[in-house]
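Note: hydrogens, waters and symmetry copies are ignored here, and every other heavy atom, side chains too, is used. Reminder, nothing fancy here: chain letters follow the sequence lines and each chain counts from 1.
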Amino acid sequence: AQSVAQPEDQVNVAEGNPLTVKCTYSVSGNPYLFWYVQYPNRGLQFLLKYITGDNLVKGSYGFEAEFNKSQTSFHLKKPSALVSDSALYFCAVRVFNNAGNMLTFGGGTRLMVKP
Amino acid sequence: DGGITQSPKYLFRKEGQNVTLSCEQNLNHDAMYWYRQDPGQGLRLIYYSQIVNDFQKGDIAEGYSVSREKKESFPLTVTSAQKNPTAFYLCASSITSGSIYNEQFFGPGTRLTVL
């Protein structure tokens with residue numbers, strides 16, 4: 001079965017420090033991976049995606065993610081966290097079935113950035 | 001939240017009532033999706049539609065129904081058969097469901113509470 005896992009329910013970081021939100025995946029074939037962010041009572045906003053090419057993917061709001069095939073990981077990173085980055089982050093993988101292809105989401109990681 | 005609107009933002013339902021959640025998109029996307037989000041959990045797929053007049057069940061379709069009579073509209077009905085409908089409901093769309101490259105765009109969500 002194709003899936004993603006976000007091993008941390010919450011990540012705490014001080015403003016100005018680097019942040020990492022972890023994601024590991026399990027897929028058969030090539031992985032197509034996505035990160036989304038959700039602010040309270042809002043929909044999900046797309047941050048970045050990995051389809052192929054460079055292992056370091058740059059996205060919105062200064063975020064980037066590193067694809068590591070050997071470790072089956074796609075961790076989200078930012079060099080310097082802002083208080084406004086506090087939100088719920090979801091990793092997702094595209095899965096394939098006879099009807100097309102869908103996204104399967106991880107359980108989410110809440111990022112808390114403290115001043 | 002892109003060009004996807006959901007209404008209402010908050011909805012209260014009495015037990016035994018059916019309610020319909022609206023989702024409209026002006027992005028000219030072929031594919032549309034409905035997800036359910038519960039506290040501390042990721043998104044679970046309820047129904048999806050790849051094209052007008054066609055839709056398929058997702059992982060948790062029981063107690064829900066949809067229609068896709070127009071490209072821009074994908075309403076979700078929560079029926080009385082859904083035993084635990086209190087949740088945050090998210091609608092999404094993508095250019096097609098068949099392309100691996102296309103991310104999904106999300107609406108702002110509807111929070112449904114059963115009284």
With the 4.5 Å side-chain cut-off for hydrophobic clustering, are [X] and [Y] part of the same group?
X	Y	answer
B:L76	B:F55	yes
B:V114	B:I46	no
B:I4	B:L11	no
B:F105	B:L21	no
A:F46	A:Y89	yes

task = Side-chain contact test, heavy atoms from C-beta onward, threshold under 4.5 Å: evaluate it for B:L43 versus A:L44 and give yes or no.
result = yes

query = Is any side-chain heavy atom of A:F34 closer than 4.5 Å to a side-chain heavy atom of B:Q104?
reply = no

inquiry  = Report, in residue-number order, which members of residues 81-90 of chain B are under 4.5 Å from chain A by heavy-atom distance.
reply    = B:F88, B:L90

Between [X] and chain B, with a heavy-atom cut-off of 4.5 Å, which part of the residue counts as in contact: side chain, backbone, both or neither?
X	answer
A:Y39	neither
A:Q6	neither
A:N41	both

Within 6.0 Å of [atom1] in [X], more than 12 heavy atoms from elsewhere:
X	atom1	answer
B:R13	CZ	yes
A:L56	CG	yes
B:E15	CD	no
B:K71	NZ	yes

Chain B contacts, top residue of A:A92, A:G107, A:G108 (heavy-atom pairs, under 4.5 Å) = A:G107

task = With rounding to the nearest 0.5 Å, note down the distance linking NZ in B:K9 to CZ in A:R42.
result = 7.0 Å

inquiry  = Using 0.5 Å steps for rounding, measure from the OH atom of B:Y35 to the CZ atom of A:F105.
reply    = 4.5 Å

query = Can you say whether B:Q37 sits under 4.5 Å from chain A via the side chain, the backbone, both, or neither, judging by heavy atoms?
reply = side chain

note = Scanning both residues in full, the closest heavy-atom pair of A:K49 with B:E103 reads NZ-OE1, 2.9 Å

